[in-house]
Every structure is written in structure tokens, then in C-alpha cells.
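In this text, all values refer to a predicted model and were calculated from it rather than measured experimentally.
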Amino acid sequence: MNEEKSLLRIHTQEDRQAVAGILVKNGYTVRQVKVPRANGKSYYLCLEVRIEERSLESQ
């Protein structure tokens, strides 16, 4: 199965929730992930977005 995956770095929780809701309604799989910063002591919260072939076929 061929999947495309992207990371979206969105700063505020409210914005992440809004974007995730829109993406889910349009057939994407969305999850929140922690991505380490360059210093290694903290992290960014990002949305990992995937679209699967079967989702593309139904559109």
C-alpha cells in the first residue's frame, strides 16, 4: 500500500484541532506527534497527515 505522509507544524492547540478536523472530514488520517527540536531538550507538536490510496479512490 502506497501512502504519502506529511508533517504540519502548527503552533496553537486550537489551530491544530481546526486543521485536523478539516483534514479528517476530507478523508485524511491525522495524528499529533512530538518532533524533537535541534537542542534535543524540547519538542514541537506537529500533525502527521496521511492519505491512503483507498481514500483517494473513493473521492
Side-chain angles (χ1 to χ4, degrees):
M1 182 177 294
N2 186 17
E3 294 182 352
E4 295 181 34
K5 181 169 63 170
S6 299
L7 285 177
L8 301 175
R9 186 172 151 204
I10 302 173
H11 295 281
T12 66
Q13 178 181 0
E14 295 82 14
D15 290 345
R16 282 192 301 273
Q17 289 176 333
V19 170
I22 292 167
L23 292 170
V24 167
K25 287 180 182 179
N26 283 283
Y28 290 84
T29 301
V30 180
R31 68 182 191 148
Q32 185 169 285
V33 296
K34 295 178 182 178
V35 177
R37 292 183 188 226
N39 65 12
K41 295 182 180 181
S42 60
Y43 55 86
Y44 297 111
L45 288 175
C46 297
L47 294 180
E48 181 181 88
V49 181
R50 296 184 192 186
I51 185 73
E52 299 178 15
E53 283 184 22
R54 65 176 180 241
S55 294
L56 291 173
E57 292 171 1
S58 65
Q59 293 180 357

Between atom CD of Gln32 and atom CG of Leu8, what is the distance when rounded to the nearest 0.5 Å? 11.5 Å
Tightest non-hydrogen contact, residues His11 and Arg16, listed as O-NH1, 3.1 Å
Let me check something: do Ile22 and Ile51 share a hydrophobic cluster, defined by ILVMFWY side-chain heavy atoms less than 4.5 Å apart, either directly or through other members? no
With a 3.5 Å cut-off and sequence neighbours excluded, list the donor-acceptor pairs that the side chains of residues 36-46 form with protein atoms.
residue: Arg37; atom: NE; partner: Ser42; partner atom: OG; Å: 3.4
residue: Asn39; atom: OD1; partner: Lys41; partner atom: N; Å: 2.9

Taking atom CG of Leu23 and atom OG1 of Thr29, what is their separation to the nearest 0.5 Å? 10.5 Å
Hydrophobic clustering (ILVMFWY, side-chain heavy atoms < 4.5 Å, transitive) - are Val24 and Tyr28 grouped together? yes
